[in-house]
Novice: 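Below you will find the structure I want to go over with you.
Order of the sequence lines sets the chain letters (A, B, ...), proteins ahead of strands, with each chain counted from 1. Both backbone and side-chain heavy atoms feed into the values below; hydrogens, waters and symmetry mates do not.
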Amino acid sequence: MTATTVTRAPAPGQGSPRGTYVAGAIGGLIIAFYVVLVLFGSQLAPFRATELAGPSLAPPGGATRLGTNLLGQDILSQLILGARASLTVALCAGAGTVVLGGIVGVVAGWFPGWCDAVLMRVTDLVLIVPKLPLLLLVGALTGGSVLGLSLVISLLFWPNAARILRSQVLSLRTRTHVRAATGFGAGTWHQLRRHILPDLTLLAIAEFIPAAGRAVGLQAGLAFLGVGDPTLPSWGAMIRDAVAFRALFITSAWKWWLAPPVIALVALIVGITLLGAAAERRLSPRLVRHAR
Amino acid sequence: MVRRHLRVAAAAAVFALAAAACSSTSENAGTSASTTPGQQRVTLRIAANTQSGGYPTPYAAIRGPGRLITTYIFDTLAFPDVTGEPKPWVAKSWTTSPDGKTWTFNLNENVKFHDGMPLTSDDVVFSFNYNLTGPGAASGVAQGVTYIDTVTAPDPKTVVITLKTVRPSFLQDIAGAFGFAIMPKHIWSTVTDPAKFQGPTALIGSGPYKLENFDLTTNSFNFVANEDFFLGPAKVQKFQIVPVADALLALERGEVDAASGGNSLIPKIQYDALAKKYKVLTAPGEFNLALFFNQAKGFPYNEKAFRQGVVYGLDRKDMVTRLLDGRGIPGPAGALGPGNEFLNKNLPAYPLDKAKAGALFDQIDLKDRNNDGLRDKPDGSAFKIPLSVSSTDTQQAQLVKEYLRAVGLDVDINAVDQQTSDDRGAKGDYEMAVQHFGGLSGDPSGLITRFQSTTRSTSFTRVWGYNNPAFDKVSNDQAVEIDRTKRGALVDQMQSILADDLPQISLYVPEQITFVDSAKYNGFAYTPGCPPCGATGNKRNLFTGNADPAPKN
């Protein structure tokens with residue numbers, strides 16, 4: 001008799017659980033590094049972001065470790081101080097997206113009927129609004145402040161979170177313990193507070209992370225397009241200034257002017273994505289079900 | 001030996017003929033030039049301006065580049081040649097009365113609008129009155145020309161203009177890109193809102209070019225020579241203003257025939273490479289970036305010591321090094337450019353002097369009262385300067401911010417789009433502002449609309465709150481002084497007053513640089529009297545195909 005071993009293949013689109021957690025840990029470390037930059041940026045940066053630290057386009061070395069841009073500002077300092085804009089937008093816009101989506105999703109899921117129908121049609125409407133032109137317009141009108149930008153991103157990108165959280169509420173309200181609570185006469189507020197919202201928290205976190213990643217990309221993109229405070233250090237603005245320099249690729253200035261903010265931006269988005277993937281695998285009911 | 005030379009010459013002639021035939025064939029196949037017997041006509045391509053110049057009619061076009069576009073379609077009585085002097089154009093000659101107040105213009109024969117209607121003195125009178133007192137007056141297009149008394153037409157080929165006072169700049173004022181465009185009366189007489197008048201009929205003029213097609217979103221224009229032009233068809237048969245991402249790169253790729261540095265930095269490596277391949281034309285700068293103080297906003301902007309302190313605190317030479325790789329100069333303090341024939345060369349240079357700046361700020365009690373390194377107001381409150389700037393000038397504004405921080409002033413940059421920035425400038429809605437504009441080689445009377453206390457200018461170049469009766473008087477006196485030497489002395493005084501008061505300071509003036517393919521077309525040249533013309537845009541050169549001075553009136 002021959003013994004046969006059956007190995008269960010991972011569900012489509014998933015790596016091994018261990019690999020996902022390792023990736024998540026790497027993502028977490030990257031984000032932790034950026035958080036340190038945000039918290040201690042002023043102490044770590046050798047110069048103020050707009051300070052004239054050296055001659056125009058000085059290559060890396062000496063007091064300016066990563067060289068200078070056309071105006072003679074220190075690239076390293078701008079890189080460190082630029083983390084603040086990216087992470088603030090990530091935090092505020094991510095939270096705003098989840099809170100707005102959460103409110104709509106919970107209300108729609110808990111009150112089926114006309115309320116659900118109206119809110120879902122509004123959700124559909126916001127989903128099809130062309131985002132970038134509106135972002136540019138509102139960004140230009142509000143002066144592109146970090147908080148203003150976060151608000152606009154939240155107002156435009158909440159529908160995904162709303163749909164997912166609504167589905168979860170619809171599922172939760174049919175669970176036995178919720179129905180039992182209803183039978184015992186528990187009111188709406190009590191039900192939401194005690195039985196629904198706690199069960200939604202983990203899913204909301206799983207929604208928050210990709211929303212934050214998207215916000216980082218959008219903030220950099222808008223700064224690149226010139227929307228935002230020109231004196232606020234930001235990676236997008238650094239990329240814009242570098243690309244606007246007509247001899248960027250004729251000289252070797254791109255190596256120390258363009259590459260660092262691009263790498264910083266990509267690393268942050270990769271970090272958030274890795275953490276997001278791990279969190280989703282751990283927290284999303286759909287993937288948790290697959291993994292079982 | 002002679003026979004051998006003849007054989008070589010004959011072979012060369014055959015080769016040249018063959019080459020000409022080949023080029024003629026390829027041209028007919030749709031390439032850049034076509035030939036007419038005895039005269040080769042060319043297609044010229046230049047890079048489109050990155051800033052919008054508006055719809056190309058005399059009342060909708062904005063700023064210099066926009067006004068220049070209108071000159072190809074619409075004519076003026078005179079137009080400058082490469083010397084900068086207005087020379088005959090629609091008017092073939094003119095005479096002035098002994099008192100200098102009556103000008104009689106004799107129009108050329110057979111001048112026709114693009115729709116075939118003849119251009120007569122009636123159209124000229126209509127165009128002037130439309131601009132001075134008609135619907136065009138509200139547009140502010142000719143706001144500086146308030147000295148014209150009457151414009152009459154004794155016969156179809158004669159126009160008589162009488163002035164209220166003698167004006168040396170009269171011809172410059174009515175000619176060129178900012179002059180009085182002659183519009184067809186049969187079209188424009190019913191137009192009540194000229195800024196909004198658009199469509200094919202709005203683009204009918206008498207100029208050497210017709211607009212084949214254009215795209216305002218990319219600022220691209222395709223002009224084709226008006227074959228019925230009264231002086232004959234233009235040598236440059238097609239004139240194309242093409243959209244490119246970078247003019248210098250487009251020149252290197254052969255997409256355009258000339259490219260200017262566009263008042264911004266040309267990196268040395270790129271400059272050297274282009275200079276090897278193309279002819280480099282340079283001219284003293286006539287565009288500048290300027291810092292405006294709105295004295296109507298009160299303390300400290302209305303204090304001369306403050307304004308002088310600011311200028312001593314600015315390292316304008318460093319700006320030229322960082323932003324232009326040294327190809328330019330710190331702006332002269334008298335508001336006229338280095339290429340202006342009236343430039344006063346004895347003005348204070350205001351080099352960087354932080355100690356002097358500090359002493360001047362101390363003098364008006366702007367001192368650091370809380371040891372944070374930044375000066376506070378006399379009442380102890382923090383002094384923050386809002387600096388209005390268009391989003392195109394934010395890098396320059398950052399330099400201003402850093403220089404002034406070094407002398408204890410806290411500048412807060414407020415960047416908006418160009419139109420909003422211009423509107424703020426025109427309405428005086430700013431405390432300090434950075435603005436870019438050209439025209440520094442224009443007639444000194446242009447300073448009247450910018451600096452006189454009674455000006456009603458609606459341009460963003462107006463300086464707000466400046467009131468110096470001495471300047472008002474001298475600027476009025478020079479405007480009516482016909483003697484060149486005496487006028488020069490008065491204009492010198494004007495500049496000295498401005499250089500001392502500093503209601504506005506020119507931060508830097510980039511040298512004008514254009515790389516041209518001179519083998520293709522011989523008419524590239526800067527025109528001192530036509531600020532927006534650059535080295536490629538003078539229609540007189542496009543018409544003649546060369547850069548020779550025109551005969552005098």
Novice: If you apply the rule side chain to side chain donor-acceptor pair (under 3.5 Å), what do you find for B/Glu402 with A/Gln73, and how did you get there?
Specialist: CA-CA 10 Å; B/Glu402 286 302 314; A/Gln73 295 159 336; 5.9 Å; no
Novice: Got a sec: does the CZ of A/Phe249 have more than 12 other heavy atoms crowding it under 6.0 Å?
Specialist: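 Atom CZ in A/Phe249 is packed in, count exceeds 12.
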Novice: Contact between B/Arg405 and A/Glu51 at the side-chain level, heavy atoms closer than 4.5 Å - yes or no?
Specialist: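 No - every pair of side-chain heavy atoms lies 4.5 Å or more apart.
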Novice: Between chain A and each of B/Pro267, B/Ser264, B/Ala415, count heavy-atom pairs under 4.5 Å; write down the option with the most.
Specialist: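 Option with the greatest count: B/Pro267.
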Novice: With only heavy atoms counted, which part of B/Leu265 is less than 4.5 Å from chain A, the side chain, the backbone, both or neither?
Specialist: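 Its backbone and side chain both get close to chain A.
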Novice: For the interface with chain A, which of B/Asp325, B/Leu323, B/Leu248, B/Leu249 has the highest count of heavy-atom pairs at distances below 4.5 Å?
Specialist: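 With the most close heavy-atom pairs to chain A, the winner is B/Leu248.
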Novice: So for atom NZ, which belongs to A/Lys131, do other residues, nucleotides or ligands contribute more than 12 heavy atoms lying within a distance under 6.0 Å?
Specialist: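 Yes.
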Novice: What do you reckon, is NZ of B/Lys354 surrounded by more than 12 foreign heavy atoms closer than 6.0 Å?
Specialist: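 Atom NZ in B/Lys354 is not crowded, with 12 or fewer foreign heavy atoms closer than 6.0 Å.
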Novice: Anything in residues 56-72 of chain A with a heavy-atom distance to chain B below 4.5 Å? Please list those residues in order.
Specialist: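 Listed by number, the contacting residues are A/Ser56, A/Leu70, A/Leu71, A/Gly72.
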Novice: Quick one: which residue pairs count as a salt bridge (charged side-chain N to carboxylate O under 4.0 Å, His left out) with a foot in residues 381-399 of chain B, not counting sequence neighbours?
Specialist: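 The answer is B/Lys384-B/Asp410.
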Novice: Heavy-atom cut-off 4.5 Å, strictly under: side chain, backbone, both or neither for A/Thr50 against chain B?
Specialist: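 For A/Thr50, backbone and side chain are both near chain B.
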Novice: Answer yes or no: does atom CZ of A/Arg214 have more than 12 heavy-atom neighbours from other residues, nucleotides or ligands under 6.0 Å?
Specialist: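 Yes, because the 6.0 Å sphere around CZ of A/Arg214 holds more than 12 heavy atoms from other groups.
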